[in-house]
Amino acid sequence: MEDIYESSLRAAIVRLLVFTALAAALVTADQRFGVVAQVRGYAAAAAEAVFDAAALPAGFGQWLYGAYLDREELLRRNAQLRRTNVLLRAQLPRHEFLEQENRRLRRLLLDADGGPAVALFAELAPVNLSRSAEQKIILSRGRADNVFPGQLALDAFGVVGQVTAAGLRKSTVTLLTDSSHSVPVQVARNGLQAVVYGGGVRGALSVPHLSQQADIKEGDLLVTSGLGRRFPAGHPVARVVSVLSDDRETTLTVAAAPVAQLDYLKEVVLLYRAAPDSPAATVKPPPAAGDSP
Amino acid sequence: MSSLRQGVWVIPLSLAAAFIVQALPLPPAVAVWTPNWVTLVMLYWCVAAPRFAGVGLGFFTGLAADVLEATLLGQQALAKCTAAFLVVWQRRRFRMYHLWQQACLVPLPVALEQLVSALVRAAAGAGELDFIDLLPALTAVPAWPLLFLMLNALQRLAGLRLTGQ
């Protein structure tokens, strides 16, 4: 009896080694080359089914809540929304004016306009991800709703992250705090160019590669610069939390925090440029985005 | 031969159910405490049906988790197959124990899994080790007897043979 046990244990050890090697190869392939993205696409359908099933109880709860919600509560909320709406609408003409002026100026600067930004609205899928996937969120919209990798995700306050994978009806947004994420930005105060990197922890960002002489200080707002032509310019990304200067180093140590409320996300706005000239065009742009300036 | 394979379908079925339960939306404060249902179900089958479940099952379950949560492909696969190995290795001893004794030991493979997963994450430059990662190991203690009784009943219902000595 003992030898059977021994041999099965030996088999288990061999299998552990084989699978460990396989896992290590996969991790490297995924991290370095990103080749696995396509494979992921095929498996996404099954994943969507799991998320849909998990979202059912929440959907039912919401329906129940809606059905039994106080009339007064509804009225109160309605009034509040109307107030916000009036406020926003009051600001709108100014924004339109600014945007037009902006476009005119940019046309003077560049031959090709960046193209108008197209916006999509997407809710978060009510699902729970493990701690391993802390820097990701799942949206309940996918390719069928014109979501595709490379789109910029925003909340009411600023940049949330970007779409990294899009299934048919679900998509994954990698938050800007993910360690694999970076955004080209500029300091809103003076136009200083920089890149914001994710720190791997919620709420932590870093801005490396700035020289000791760079004009950046605590409280500075960083907005997307539009460099790299991937994202529309001018969206708030982060606020500088601390600037450490060390004479032995050639660069500053700058820490920043996202302006978006990453812990309270319920829905996001997805932005992308309609112009097909962006390098993100390796991903096929959606057929509906056809209006060029 | 066909009688040996009778009822194997409960393994993927229970794992699929565990994936759904795992993905149920919860407030973040509660979510960090939820036991790792998928791992626990996987470990149950490693104990109860070693003919069909082992290191390989751990690997593929982890791979499914990686695909589902869009984590680094291979990260949870490596973590889960390590946890499965620990249980497969000590399986005979583990089966001798009472349910409550098993419940006290089950945090070990779960903690191992969380550690390996966090290590891979850290090695890939994303985040760091955190004691929060070990909370699912704690809650695995009350979860195991519950799960054991449920899956045991399911196993009998399906007629999957208990292939232990």
Side-chain angles (χ1 to χ4, degrees), chain A residues 1 4-5 8-9 11-16 18-20 22-31 36 39-40 42-44 46-47 49-58 61 124-136 138 164-165 172 174 178-180 198-202 263, chain B residues 16-17 19-28 30-32 34 36 38 50 54-56 58-60 62-79 81-82 84-85 88-89 91-92 114 116-118 120-128 130 132-133 135-136 165:
Chain A
M1 226 44 196
I4 292 175
Y5 174 66
S8 75
L9 179 61
I13 292 175
V14 169
R15 244 172 257 159
L16 177 68
V18 169
F19 281 125
T20 303
L22 197 58
L26 276 175
V27 169
T28 326
D30 198 7
Q31 204 195 2
V36 204
V39 187
R40 277 238 168 90
Y42 298 121
V50 169
F51 285 142
D52 278 341
L56 274 180
L124 265 69
V127 295
N128 186 28
L129 297 181
S130 73
R131 282 253 310 146
S132 323
E134 205 189 21
Q135 311 299 328
K136 305 229 156 71
I138 307 280
T164 45
T172 310
T174 299
D178 189 276
S179 61
S180 70
V201 185
R202 281 252 167 127
D263 289 332
Chain B
F19 269 116
I20 292 171
V21 172
Q22 191 87 64
L24 285 179
L26 289 169
V30 183
V32 293
T34 46
N36 200 333
V38 175
V55 180
F59 182 81
F60 288 110
L63 212 56
D66 282 328
V67 169
L68 194 65
E69 304 193 324
T71 42
L72 271 178
L73 209 62
Q75 175 188 324
Q76 299 191 55
L78 180 63
C81 84
T82 323
F85 174 76
V88 168
W89 176 29
R91 188 183 78 82
R92 294 217 300 184
Q114 299 292 103
V116 171
S117 187
V120 175
R121 234 182 329 146
E128 52 226 31
D130 196 325
I132 292 178
D133 288 320
L135 292 182
Q165 282 84 28

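Quick note on labels: first sequence line is chain A, next is B, and so on, each numbered from 1.
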Would you say Arg121(B) and Asp133(B) make side-chain contact, with heavy atoms under 4.5 Å?
yes

Going by heavy atoms in the side chains, are Asn36(B) and Gln114(B) under 4.5 Å from each other?
yes

Which one, [options], leads in non-hydrogen pairs under 4.5 Å with chain B?
options                                   : result
Val50(A), Val127(A), Leu16(A)             : Leu16(A)
Ala12(A), Ala125(A), Ser180(A), Gly198(A) : Ala12(A)
Leu56(A), Val18(A), Thr20(A)              : Thr20(A)

With Phe19(A), which residues qualify under ring-ring contact (aromatic ring centres under 6.0 Å, His included), at least two apart?
Phe59(B), Phe60(B)

Interface moiety of Gln22(B) toward chain A, non-hydrogen atoms closer than 4.5 Å
backbone

Of Val32(B), Val21(B), Leu24(B), the largest count of non-hydrogen pairs under 4.5 angstrom with chain A goes to Leu24(B)

Closest non-hydrogen atom pair, Val55(B) against Cys81(B)
O-CB, 3.5 Å

Contacts of type side chain to side chain contact (heavy atoms under 4.5 Å, CB included), residue Ala53(A), not counting sequence neighbours
Ile20(B)

